[in-house]
Novice: 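One structure coming up, written as structure tokens, with questions to follow.
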Amino acid sequence: MARSLCADGKAIPFAIDQWMQTLFWPDLPEKNDYAWAIARVRRCEEQVAVMTRQLAAIGVDVVLDLGFTDRAQREAWLLRAREAGVRCALHVLEVSAELRWQRITQRNEGASATYSFVVTREMFDAMEALWEPVTDAESSVFDGYQRYSR
């Protein structure tokens with residue numbers, strides 16, 4: 001979805017999977033280690049925040065594909081946007097876990113342009129457990145809100 005939001009060429013995408021693949025996956029411990037990964041995700045997010053502030057200052061739009069699994073993360077990025085004086089819209093893909101897993105399986109097999117690294121079922125299930133659905137009250141604080149079901 002992030003790619004389609006940038007399709008007109010007027011926004012710069014920041015996808016956490018690409019950052020993690022480039023910067024940290026070569027050093028990944030043998031066993032999936034959530035604490036190891038999330039520490040590096042947070043480092044990437046801090047650098048993305050620096051870069052997006054710089055882009056906002058010169059009038060360049062960005063699309064953040066950072067997961068936004070929980071309300072606290074979404075609120076923190078909304079606050080960053082407010083502090084930078086820019087609009088912040090939230091786009092949410094709402095499809096069943098079964099369909100998401102099917103798409104990830106296809107992506108893992110190289111059938112998608114969004115492939116960065118293999119997502120195991122264990123990784124998928126861990127992220128599913130962290131997901132906090134967007135409530136109507138939460139969506140109302142954004143400058144735009146769009147739900148997708150495709």
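All residue numbers in this chain count up from 1 along the given sequence.
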Novice: Count I, L, V, M, F, W, Y as connected when their side-chain heavy atoms are under 4.5 Å apart, and connections chain through other members. Are Val134 and Leu79 then in the same cluster?
Specialist: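 No, no single cluster joins them.
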Novice: Given side chains that start at C-beta, do those of Met127 and Thr69 come closer than 4.5 Å, heavy atoms only?
Specialist: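 Sidechains of Thr69 and Met127: in contact.
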Novice: Transitively linked via ILVMFWY side-chain contacts under 4.5 Å: Leu93 with Trp131?
Specialist: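 No, Leu93 and Trp131 fall in different hydrophobic clusters.
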Novice: Do Gln102 and Val95 come within less than 4.5 Å of each other through their side chains, counting heavy atoms only?
Specialist: no
Novice: For residues 51-65, which residue pairs pass the salt bridge (charged side-chain N to carboxylate O under 4.0 Å, His left out) check, not counting sequence neighbours?
Specialist: none
Novice: State plainly whether one hydrophobic cluster holds both Val41 and Phe14, where clusters connect Ile, Leu, Val, Met, Phe, Trp and Tyr through side-chain heavy atoms under 4.5 angstrom apart.
Specialist: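 Hydrophobic grouping puts Val41 with Phe14.
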Novice: Are Ile12 and Leu66 connected, step by step, through hydrophobic side chains (Ile, Leu, Val, Met, Phe, Trp, Tyr) whose heavy atoms are closer than 4.5 Å?
Specialist: yes
Novice: Apply side-chain contact (heavy atoms from CB on, under 4.5 Å) to Ala97 and list each qualifying residue two or more places apart in sequence or on a separate chain.
Specialist: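 Arg100, Phe124, Glu128.
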Novice: Indicate the atoms forming the closest heavy-atom contact of Val141 with Arg82, along with that distance.
Specialist: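 Smallest heavy-atom distance, with atoms named: O-NH2, 2.7 Å.
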Novice: Kindly indicate whether the side chain of Leu90, heavy atoms from C-beta on, has any atom under 4.5 Å from the side chain of Trp77.
Specialist: no
Novice: Could you grab the distance from atom CZ of Arg43 to atom CH2 of Trp19, nearest 0.5 Å is fine?
Specialist: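 Nearest 0.5 Å value for the CZ-CH2 distance: 13.5 Å.
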Novice: Which pairs count as ring-ring contact (aromatic ring centres under 6.0 Å, His included) when at least one residue sits in residues 24-54, sequence neighbours excluded?
Specialist: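 As it turns out, the ring-ring contact (aromatic ring centres under 6.0 Å, His included) pairs with a partner in residues 24-54, which skip direct neighbours, are Trp25-Phe117.
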Novice: Shortest non-hydrogen contact from Arg121 to Trp101?
Specialist: NH1-CD1, 3.0 Å
Novice: Got Val119 and Asn108 here, is their nearest side-chain heavy-atom distance under 4.5 Å?
Specialist: yes
Novice: Would you please test Glu45 and Arg42 for salt bridge (Lys or Arg N to Asp or Glu O under 4.0 Å) and show each step?
Specialist: CA-CA 5 Å; Glu45 287 178 344; Arg42 297 297 177 245; 3.1 Å; yes
Novice: Can you see which heavy atom on Glu138 is nearest to which on Pro133, and at what distance?
Specialist: OE1-O, 4.2 Å
Novice: Under the side chain to side chain contact (heavy atoms under 4.5 Å, CB included) rule, what do Met123 and Val118 come out as? Steps first, then yes or no, please.
Specialist: CA-CA 9 Å; Met123 293 163 69; Val118 170; over 6 Å; no
Novice: Could you see if Leu78 belongs to whatever hydrophobic cluster contains Val86? Use Ile, Leu, Val, Met, Phe, Trp, Tyr and a side-chain cutoff under 4.5 Å.
Specialist: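 Result: no, two separate clusters.
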Novice: Please report the interatomic distance SG(Cys88) to CG(Leu64), rounded to the nearest 0.5 Å.
Specialist: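 Result: 7.5 Å between the selected atoms.
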Novice: Drop me the distance from Asp17's CG to Arg107's CZ, to the nearest 0.5 angstrom.
Specialist: 5.0 Å
Novice: Kindly give the heavy-atom pair with the smallest separation between Ala137 and Ser140, and that separation in Å.
Specialist: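 So the two residues come closest at O-OG, 2.7 Å.
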